[in-house]
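A quick write-up on the structure given underneath.
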Amino acid sequence: MRSLDTLLRLRRELHAPGPPRPLSVPDGMTVPLGCDAVAVPAAFGPQILPRLPRVGCVYADDTHWWWLVPSDSDYALEWPAPARYAIGAVAPDAPRLIHRPDGELPYTPPIPLYLALCRLTGTTPTWSQVVSA
C-alpha cells in the first residue's frame, strides 16, 4: 500500500523538468571551436534574426530562444540582461531546433548577436562604456 506522500512525490517526479543537457548539434555539423549558447526571451528572437549577417543553429521553446556560439564567446563581454550565457550550450528540457544553417558550422557570429542584443535592450556595448581611473 502506498501513502499519499509517496503518490504525491511520484507525481511530482513525473512532471519535473529534466536535468539540463547540452543542445544537440544536427548531424553533419561540427563544432571545432566548442559550443556555448546565448539564451534570450522568445519575444526577442524574431527581432534579432534580421539583424544578423549569418544565423547558426537556433533552438526554441515557449519562453526562450538559444543561439549557438563558439565557446568562450563571453570572454571580455557582459551579455546584456535579460540574455543568459550558457557554457557548454546547456539548456533546460529539450528546446526544438527552429533554424539550421547551410554548411557544417552551427555558430551564430557572437559579435553581431551581442550588438543586436545591446540594441534591443538599450545597453551600451562593454567596449564603449566609460572606464573611471
What closest approach, in Å, do G56 and P101 show between heavy atoms, and which atom pair accounts for it?
C-CD, 3.6 Å
Interatomic spacing from OG in S71 to CD1 in I87 - rounded to 0.5 Å
9.0 Å
Are V55 and W65 connected in a single hydrophobic cluster, I mean Ile/Leu/Val/Met/Phe/Trp/Tyr linked by side-chain heavy atoms less than 4.5 Å apart?
yes
Plane angle bin for Y114 and W79 - parallel if under 30°, tilted between 30 and 60°, otherwise perpendicular
perpendicular
With sequence neighbours left out, which residue pairs that include part of residues 26-54 fulfil the side-chain hydrogen bond (donor to acceptor under 3.5 Å, both in side chains) condition?
D36-Y85
If hydrophobic clusters are built by linking Ile, Leu, Val, Met, Phe, Trp and Tyr wherever their side-chain heavy atoms come under 4.5 Å apart, do V25 and L23 end up in the same one?
yes
Taking the side chain as everything from C-beta on, heavy atoms only, tell me whether L97 gets closer than 4.5 Å to C57.
yes
Taking only residues two or more places apart in sequence or in another chain, which ones pass side-chain contact (heavy atoms from CB on, under 4.5 Å) with P41?
F44, P82
Could you report the tightest heavy-atom contact between D61 and P95, atom names first, then the distance?
N-CB, 4.2 Å
How close do P80 and T121 get, counting heavy atoms only, and between which atoms?
CB-OG1, 3.5 Å
Cluster overlap I111 with V40, hydrophobic side-chain contacts below 4.5 Å:
yes
Value for CG (L49) from OG1 (T108), rounded to nearest 0.5 Å, stands at 8.5 Å
When you measure from the side chain of R96 to the backbone of A60, do you find a donor-acceptor pair of N or O atoms at a distance under 3.5 Å?
yes
Closest heavy-atom pair, P110 versus P70, reported as atoms and distance to 0.1 Å, is CD-CD, 4.0 Å
Shortest non-hydrogen pair, L117 vs A83, comes out as CD1-CB, 4.1 Å
Can you measure from CG (L33) to CG (L68) and round to the nearest 0.5 angstrom?
12.0 Å
Joint cluster assignment, V90 & Y107, ILVMFWY side-chain distance < 4.5 Å
no
If every non-hydrogen atom of G103 is compared with every non-hydrogen atom of M29, which pair is closest and at what distance?
O-CE, 3.5 Å
Contact check, side chains of S73 and V38, non-hydrogen atoms, under 4.5 Å
no
Count I, L, V, M, F, W, Y as connected when their side-chain heavy atoms are under 4.5 Å apart, and connections chain through other members. Are L120 and V58 then in the same cluster?
yes
